[in-house]
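Here the structure is laid out as structure tokens; the discussion comes afterwards.
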Amino acid sequence: MSTRLVVVHPDPDVLAEAAAARLLTRLLDVQSVRRPAHVVLTGGTVGIQTLRAAAASPLRAAVDWSGVHVWWGDERFLPAGDADRNETQAREALLDDLVASSGLREENVHAVPARGDGPGEAATPEDAATSYAAELAAHAEEDGTPHFDVLLLGMGPDGHVASLFPEHHALEAPGYTVGVHGSPKPPAERVSLTFAAIGRAEEVWVVAAGSEKAEQAAAALADGPMTEVPAVRAVGHHRTLWLLDAAAASARG
Ligand SMILES: O=C(O)[C@H](O)[C@@H](O)[C@H](O)[C@H](O)COP(=O)(O)O
């Protein structure tokens with residue numbers, strides 16, 4: 001039985017700091033009982049701000065980064081190194097420093113293949129999704145995905161999480177990854193974990209800030225229709241956390 005908690009912080013900066021501290025502590029807790037730990041990152045404003053806060057936290061030195069694997073819940077299907085890729089922004093915010101000075105292993109940073117024709121790249125979002133699914137399976141402890149200890153998700157003002165948008169065919173995609181076209185949030189082409197993959201995470205954390213998220217956060221927490229507010233399907237199999245700032249929580253009954 002999955003439990004759900006909602007935690008409200010006063011503003012986006014405190015939210016990001018609190019999410020970062022919670023993330024680092026979660027990794028410490030996991031590493032007390034199990035190795036390796038698998039964390040799934042998100043793109044978006046708060047998602048990246050959380051990584052920057054983790055980079056600046058004294059707590060980061062307590063994590064054994066050599067035993068951490070990093071994944072992404074979604075990726076914008078762009079050339080390698082593009083500033084808009086979630087991977088690029090996560091590397092700049094935290095990962096490159098962890099690799100350089102804290103023992104995170106480059107081979108344990110599992111980026112979604114970039115658009116291109118070079119080694120490890122893909123010509124289409126579907127090809128990238130297929131390759132990413134194979135990478136997940138190669139590190140699976142059970143049934144096709146690693147044991148995701150914590151999976152972070154931002155939420156858009158339309159209630160999307162990862163690259164799973166309202167009324168989009170990807171909402172019901174089979175398997176664990178999906179190529180996305182026609183994203184209403186640029187860029188149009190993306191790669192995403194499916195809700196089947198997201199639901200395999202032990203803990204799912206939805207991190208959202210801003211009044212523009214309030215209506216859909218309230219709708220998701222009221223268990224609204226998934227086609228209209230996909231975030232309602234962002235559920236971990238053990239625990240789901242909604243980490244909000246006061247503005248994003250302002251429409252809750
Ligand atoms: O690739 C992306 O854009 C993200 O993965 C996306 O799911 C993001 O987390 C939300 O759109 C929230 O983004 P903001 O926090 O910037 O509103």
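Residues take their numbers from the sequence shown, with the count starting at 1. Counting starts at 1 for both ligands and their atoms, in listed order.
Atom numbering of ligand 1 starts at 1 in the shown order; those under 4.0 Å from a heavy atom of T45 are 14 (P), 15 (O), 16 (O). If you number the atoms of ligand 1 from 1 as listed, the ones under 4.0 Å from a heavy atom of A162 come out as 6 (C), 7 (O). Proximity to H160 (heavy-atom distance under 4.0 Å) selects the following atoms of ligand 1: 6 (C), 7 (O), 10 (C), 11 (O). Each of the atoms 5 (O), 9 (O) of ligand 1 lies under 4.0 Å from some heavy atom of T42. Numbered from 1 in the order shown, with element, the atoms of ligand 1 that lie under 4.0 Å from a heavy atom of V46 read 15 (O). Residue K213 has at least one heavy-atom neighbour below 4.0 Å for each of these atoms of ligand 1: 14 (P), 15 (O), 17 (O).
Using a 4.0 angstrom heavy-atom cutoff, E75 does not count as in contact with ligand 1. Not a single heavy atom of E212 lies less than 4.0 angstrom from ligand 1.
The only option from L136, V112, D74, V161 that meets the side-chain contact (heavy atoms from CB on, under 4.5 Å) definition with L193 turns out to be L136.
Side-chain atoms of E121 come within 3.5 Å of backbone atoms of D117 as a donor-acceptor pair (strictly under, hydrogens ignored).
Polar contact check, S163 against ligand 1: no nitrogen or oxygen pair lies under 3.5 Å apart.
Neither the backbone nor the side chain of L153 comes within contact range of ligand 1; no heavy atom lies under 4.0 Å.
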